[in-house]
Amino acid sequence: MSTKQYTVADFKSDTKVTWCPGCGDFAILTALQKSMVELGIEPHETAVISGIGCSSRLPYFMSTYGFHTIHGRGSAIATGVKVANPRLSVWQITGDGDCLAIGGNHFIHAVRRNVNLNIILMNNRIYGLTKGQFSPTTEKGFVTKSSPFGTIEEPFEPAELTLGARGQFFARSIDVDMPTTQECMTTAAKHEGAAVVEVLQNCVIFADGIHDEVSERTTRAEKTIILRHGEKMIFGANRDKGLMLDGIKLKVVTIGENGISENDLLTHDAVESDNFLHYKLAMMHHQGFPMALGVIRNVEAASYDQEVERQIAEVQAKKPIRKLQDYLLSGETWEVI
Amino acid sequence: MSTKQYTVADFKSDTKVTWCPGCGDFAILTALQKSMVELGIEPHETAVISGIGCSSRLPYFMSTYGFHTIHGRGSAIATGVKVANPRLSVWQITGDGDCLAIGGNHFIHAVRRNVNLNIILMNNRIYGLTKGQFSPTTEKGFVTKSSPFGTIEEPFEPAELTLGARGQFFARSIDVDMPTTQECMTTAAKHEGAAVVEVLQNCVIFADGIHDEVSERTTRAEKTIILRHGEKMIFGANRDKGLMLDGIKLKVVTIGENGISENDLLTHDAVESDNFLHYKLAMMHHQGFPMALGVIRNVEAASYDQEVERQIAEVQAKKPIRKLQDYLLSGETWEVI
Amino acid sequence: MTVQHKVTELEQVVIRFSGDSGDGMQLVGNIFSNLSATLGNEISTFPDYPAEMRAPQGTLNGVSGFQVQVGKSVLTPGDRADVLVAMNPAALKTNAKSLHPRSIVIIDEDSFTDRDLKKADFLTDNPFEELKITQVQVVSCPITSLVKNSLVDSGFDGKTILRSKNMFALGLVCWLFNRPLDSAIPFLEKKFSKKPAVLAANVKVLNDGFNFGANTHASISTYRIESSNEQEKGIYCDVNGNSATAFGLIAAAERANLPLFLGSYPITPATDVLHELAKHKNLGVKAIQCEDEIAAVCSAIGASFAGHLAATSTSGPGLALKGEAIGLAVMTEIPLVVVDVQRGGPSTGLPTKTEQSDLLQALYGRNGDSPAVVVAAKSPLDCFDMAFNAAKIALEHMTPVILLTDGFIANGSSAWKIPNIDAMPAIKPPFVTEEIKEGWKAYQRNEETLVRSWAKPGIPGFEHRIGGLEKHYTTSAISMDAANHQKMTNTRYNKIAKVALDIPLLEIEGDENAELLVVGWGGTFGHLHSAVNQLLDEGKSVAYTHFQYINPLPSNTAEVLKKYKKILVCELNTGQFAGYLRGVIPGVNILQYNKVEGQPFMLSELVDCFTKTMEA
Amino acid sequence: MTVQHKVTELEQVVIRFSGDSGDGMQLVGNIFSNLSATLGNEISTFPDYPAEMRAPQGTLNGVSGFQVQVGKSVLTPGDRADVLVAMNPAALKTNAKSLHPRSIVIIDEDSFTDRDLKKADFLTDNPFEELKITQVQVVSCPITSLVKNSLVDSGFDGKTILRSKNMFALGLVCWLFNRPLDSAIPFLEKKFSKKPAVLAANVKVLNDGFNFGANTHASISTYRIESSNEQEKGIYCDVNGNSATAFGLIAAAERANLPLFLGSYPITPATDVLHELAKHKNLGVKAIQCEDEIAAVCSAIGASFAGHLAATSTSGPGLALKGEAIGLAVMTEIPLVVVDVQRGGPSTGLPTKTEQSDLLQALYGRNGDSPAVVVAAKSPLDCFDMAFNAAKIALEHMTPVILLTDGFIANGSSAWKIPNIDAMPAIKPPFVTEEIKEGWKAYQRNEETLVRSWAKPGIPGFEHRIGGLEKHYTTSAISMDAANHQKMTNTRYNKIAKVALDIPLLEIEGDENAELLVVGWGGTFGHLHSAVNQLLDEGKSVAYTHFQYINPLPSNTAEVLKKYKKILVCELNTGQFAGYLRGVIPGVNILQYNKVEGQPFMLSELVDCFTKTMEA
Ligand SMILES: Cc1ncc(C[n+]2csc(CCOP(=O)(O)OP(=O)(O)O)c2C)c(N)n1
Ligand SMILES: Cc1ncc(C[n+]2csc(CCOP(=O)(O)OP(=O)(O)O)c2C)c(N)n1
Ligand code: SF4
Ligand code: SF4
Ligand SMILES: [Mg+2]
Ligand SMILES: [Mg+2]
């Protein structure tokens, strides 16, 4: 924790930001810098690790310690950083290609092991840096340079994959909604363990407008719902709509209609360890419901880096030997005289 | 489909089976050979593809076409085989290490793309071939050669990861229960798309007895439930127990107690596209419920290899050109005379 | 209306179109190249895209360039530009270093305001002085305002109108080189066939540009570029190296009568191979974008096992990832084409720059003694032939073949005489036949070539198992036997060595009896050949040889090299081929000329270096 | 009770214990080796586990062996056994080829029934004749029944009783070599310290074995093995190469005052490095089993970035997967130790067999010009030193270092004098200090060594960004500049070349003025050195040199090699080091002796080959 009060400027490096004008990455960068200020972490206690992609250029624009690694390996490298030095605040910056295509394995394992990383997944559903091929999150049928007749693959839903990999934290936001992004990021940082924050990001060059339905000012209030732990699930431009359970299915209701009051709505419980309802909420936009934004799941569990430290401490408590030579001498030996 | 009636012997190669005496892999091999007989597929129309591991030696013991590839890459290689020749019956044989450690990425992508593979995952929760290290499915705390003080990682649950990767088919069985294994395998083979069959397998050398609770004759009936599409969820040595929903939670009930009759029990619907209840059933043994065996999910969707073929056919229907030279001549050209 | 005062004849000329990413320079560059080709010139082009995501308009990072050399005996896009079109100050700055001192620079004076200069980090208001290029002839023209005026009644909005600026530049260049506009218009018609109004506007502006030159710059000499007298009759198109590679694979599939499978993962500068192949579904091509490079090569291995012609395309970092799987293909003796479009390394390196530094990785980047065939293309057009040859070798010798190209030839283009594919050599993989079924074993070999036979799954009676473990010499059963492993190791080695029987002998250009033999391999052919030719033209005694086949080497390699007192191996790396040659052909005096700048050679530096080496 | 009739003195003797996987041969082999060492012998051991999953009892696949050479000047476990303990027919069959013609074979006659013979695929009931080893002296002993009888009152069940059979064999061997049982008992006491009843039973059986020999085989000569006179005073333990590697890394971490991090993924024969390091949590070692080899090397790179001594351990196929990430470490100039325990290749190859065929992969298996340090250990004990040295170079030169060992030395063991670790050289990484903070740049370098300074995250004022893209010479900002890339390429190359200043010069053993120089590298030292010594003893003129440092080579390499008319490079591959030497040191006459059988050299074949080469 910092004693000095840092500002956003303290988290900016003097490297020119090279994203395309209008790219959604800018807002995410700012939200990240603001989050760090809000969290009171210090630039020198912070490591920002990325793979390769437009999004993965982000560490260069931060004044913290940073490592722009190789494509897809951010999770693995960040795991090494965090296990080596658990006192660092470690952020992994990644794109949908970097994280879910080539980096998929390291990602699911970092999530499963619950390494205390803040994983910011900038999802533009396209490969930006290589100039426009489809990614594992590109919607089926989308025409790109590598799918001139449309893709034929069902995309991953990052929330679903995260939960499938035993994820204990998942949040979702949209580039244009900086306050929610910041809220997700700061909550993620406070969570011990792998915290995945998906930010829907607009690539103005190769997939412009694909998030419009949820990101456009005009439709956003109706098409999204921001979940907050302990709060009722309400949405709509007039905040008159809400979610309820109907058997094991969700339903959208209007407050005031059919005798439904706010009290009848579901209250979001992000810390419930059973991931059943989180799963449902995270996926509901596939079934015509609004898209869940905010922190959907936030469950405490021992983090991998803590467990590494704990186990070492435990063994050390039992075994007094601290030097190799003493260890060797304590084993099966004989003397030549 | 075969005209000749094949027998199990027709699917056996003359290679000596080299697994340790008592290894659970033997039963799985036999179940596979029986399944092929039952399915009426022909050895020469069948390709069995594996990675590396004790389990992955299986192709050598089959008389079909077989490819013992490299560690973790079975899904990717099998994808190539199936896309090249969708008429082959393609089986991927893999272990928990091969499939979920090094092969995790190819596995989740094969599942997401819904490549029409029958993926037999022999889960002994250990690395057998390399003589006893923990795997991504090893229970937390288990002592192995590479975790002398117990593992510190939460294991994957293959069902959960499969569903998280958009899986449309998942089945589970136990090595000792050959009829259920065979049922899972034949249903998987009939399913168009990636069909994951997890078989809990006993490694007598490095993790003997870890599945005992569910595999022991004495406890199996109480600790497991075999799900069959369209059938009531009943289990127990006396077949007097069943599953019901209680809100969004499951509960175990006894038929005849509290006025509950068979009719009140849940009926298994494996073909429901919403994976919500499948997910719950597949995971319920983590919460003290019996372990679900049999075909848990079985939903039809276009397979990747079919889609590749469909798209080619569609484009060919629109574009008459079939030879490269004609294509080149049809473009921007000029003549030198 | 073309009142020509002075017309100079040129053998070759280098023109560079340069502007902001949005200025359409690639398009007019392409049109100018192609129309020149239709007029009988040889062409060699090189696009120079910005490495960055689309940088802000007018900034240095946003400059997009297109260079073409036009004329006769053209083998490279040229070292330096004779004519530069600079649509803004950033374009001028970026290209200042690669201008001939007395070149012609065409600028849009409307884009040289103080604000524009600042965006390009100029400190003064005289960019030419600041860049120390005061000897150039500047053709300054208010392109923006002229275009606006010209199209004021077009009904298009301002933004659309400004998109035609590039056509003005093209018109001006056409005037400068005495190219009739008639030769350009068919290309515009094709491009805008679905938008007649846009076509009309562009044609109008094209004419404006031409006329502006004719009317106001009568004082400048215009040029006539000599036609090539070597061009064969035929139908031509423009093709870059990556497309040529893709076409070479398709042609091989046709000649082998097999479907083509590509497993790939995007990576600069190789992605266009995937893009190109993804287009040709009507030709039956299965081009699959995979989750990573390992899956890409593995899916190709799977497709090959299943009986397709299978390939995977990538660049350096991707090749590093594929090493283990290529080893599997070596061990299982499965045909596979691996295309590596080399870029600047190590690691992520310089993704958009060219280099030849993956050679040793291609040869040795696998565990164990793991011999594979390595070949290299020498030019954009040669990518077609070498991709074809790579596939032919892979299929006929049951082996992975690594084809090395590089960013320079992959993106560069030339005019290509469309080949008669049916007349290309047939490719005959060693498929099993009914006759050999009795007692057939998966690893039984052709005794001469050491090639095993190939049984695709689906054929009854040929069921077999293969894998990455060492296997018995004929049966393919797993074998850990000591003598068998030695035998198999030797066999794998000799099998590849025997490919030499199927490849052309090394040839010498220039003076066979010279003291100095210049040696090149891969994509540097154009520069090296041209430099040697220049010295030969000057009467110097020098010889040149170029390697397209790296492993195995042509069988006369040792014999040829041993004739020369000095052998100068020139390559865009720290000396990989030189070291390799020393290792396999001991006893020859190998010198090195190396450059690792992410850039192709320059003719001038080569001529210099050869001269010095001859004198030393 | 030892009535010794004949006692023969031996300089060295090779003993092989062999039986079913469950027979406990590794244990008694180890005890015999260690007790011999306590008696003043040098030892070199080699275990020979079955490759397969546990095969059925009594079958050929299930045989587990342990070979040890005991005596003076012992450098290898020996070519052939002088004494074989064969607990069953399968063990006899498996080892028949590696017996001296007149060796002593101890068998458990109870396990040579028809059924047992059949399990081992014997066709007749005379296994010795069938195997054509009729000259051996057979000590046939009903071990099983004697053990059963001896322990009939022990209270143990039959299965447990039979587990002591190995002790009977050990007792017999002790008798044969005049080893007092007192020297064995401390090892048993340690092993069974928690099970006194088991201990007592084992000691009893051990005595039985000894007495059986003394009483019934008085006719056989027994042996006395000469003690080494070269053994230094000190405390010793037995260590194999993989453990020694692990210990070397721990020692380096202590001398660098840094925590040790290992990222690894299991793979034969390297897994024991992970196993060993996973044990030492009390020493603060973080040994992480990752999801694959790429994650393993990447987590190590991350830990290194964070300021740990970081390592990753693997074998050939794993190294292939790590290539791309090692390139990142080269580019970011981060310390990293990569241990590659070589095995038979290519591809999955022969996982349990030894080979030296990853050399070129270690040197070149990455994209781009990507120089890294490559070193190789020469013996099990040398693994300790070379792991230490590898870490020292990595940390002090900010570079990845690849340490090559192999299955032979990794599993082989020797007696090791436990070093005084505090007296080992201190390791001083170039960490930043407060003094240089002002204006510090991430890539500023020590002008002499070209090493950049290292700022661990966590220190205020040294925040910086690094990555895999080419970077500016000092600032580390991304740079695509041509001249800078050349400069950086040269710098990376020269930085590694300068490591040569910190490594020992090449030394010549034997006759400096010989015509023939035998050259070896890595794990073949014991065999090559012994073969050369044998020739020297015979009065032949031959010289020997051994490489532990491959890149860079010792700085006197060229000078040394140029003195010899014939240089014979011997290696367990198709000639990788030979080719490398030819490439970097032109003008020397390099001959090759290669063997790719998955087996170490044999002294006899080497002596043969050297003799022929001298005569040729
Ligand atoms: C090993 C390797 N393979 C491929 C690439 C090429 N590559 C760079 S970024 C990228 C995809 C980036 O997509 P994403 O992560 O979604 O980032 P975005 O640019 O969309 O932000 C690819 C394929 C590479 N650099 N390295
Ligand atoms: C690239 C590579 N890394 C590691 C290995 C070593 N290896 C072989 S099998 C295996 C694990 C096998 O575990 P699993 O898939 O669960 O199979 P099982 O033996 O338990 O059936 C490992 C780590 C290898 N062969 N190749
Ligand atoms: S290409 Fe797309 S993702 Fe990349 S910087 Fe440009 S707008 Fe952003
Ligand atoms: S080691 Fe285990 S998994 Fe492998 S064959 Fe033996 S019992 Fe089966
Ligand atoms: Mg993206
Ligand atoms: Mg397993």
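Predicted model only: the values in this text are computed from it and were never measured. Chain letters run A, B, ... following the sequence lines, proteins first and then strands; every chain starts at 1.
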Proximity breakdown for [X] and chain A, heavy-atom pairs closer than 4.5 Å:
X	answer
D:Glu324	both
D:Pro457	both
D:Ala325	both
D:His464	both
D:Ala477	neither
D:Ile418	side chain
D:Thr332	side chain

Atom pair [atom1]/[atom2] of [X] and [Y] - distance to nearest 0.5 Å:
X	Y	atom1	atom2	result
A:Glu332	D:Glu189	CD	CD	11.5 Å
D:Leu283	A:Tyr327	CG	OH	8.5 Å
A:Phe107	D:Glu291	CZ	CD	12.5 Å

So, D:Lys286 side chain and A:Val308 main chain: donor-acceptor pair closer than 3.5 Å or not?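 Such a contact is absent between D:Lys286 side chain and A:Val308 backbone.
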Does CG belonging to A:Asp326 count more than 12 external heavy atoms closer than 6.0 Å?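 Above 12, so yes.
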Under 4.5 Å heavy-atom distance to chain D, tell me which part of [X] shows up: side chain, backbone, both or neither.
X	result
A:Ile52	neither
A:Arg112	neither
A:Ile337	backbone
A:Lys323	both
A:Thr15	neither

Looking at every heavy atom in both A:Thr333 and D:Cys237, which two are closest together, and how far apart are they?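 Looking at all heavy atoms of both residues, the shortest contact is CG2-CB, 4.1 Å.
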Where is the tightest heavy-atom contact between A:His44 and D:Ile459, given as atom of each residue plus distance?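 For A:His44 versus D:Ile459, the nearest heavy atoms are CB-O, 3.5 Å.
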State, with a plain yes or no, whether a side-chain heavy atom of [X] is found less than 4.5 Å away from one of [Y].
X	Y	result
D:Arg465	A:His68	no
A:Tyr60	D:Ile478	yes
A:Arg73	D:Ile294	yes
D:Asp292	A:His106	yes
D:Ile334	A:Phe67	yes

Please determine whether side chain to side chain contact (heavy atoms under 4.5 Å, CB included) holds for the pair A:Leu88 and D:Lys456, giving the CA-CA distance in whole Å, both sets of side-chain angles, and the decisive distance to 0.1 Å. CA-CA 11 Å; A:Leu88 293 175; D:Lys456 301 191 212 191; over 6 Å; no
Parallel, tilted or perpendicular, judged at 30° and 60°: which one describes the rings of A:Trp334 and D:Phe187?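 Ring orientation of A:Trp334 relative to D:Phe187: perpendicular.
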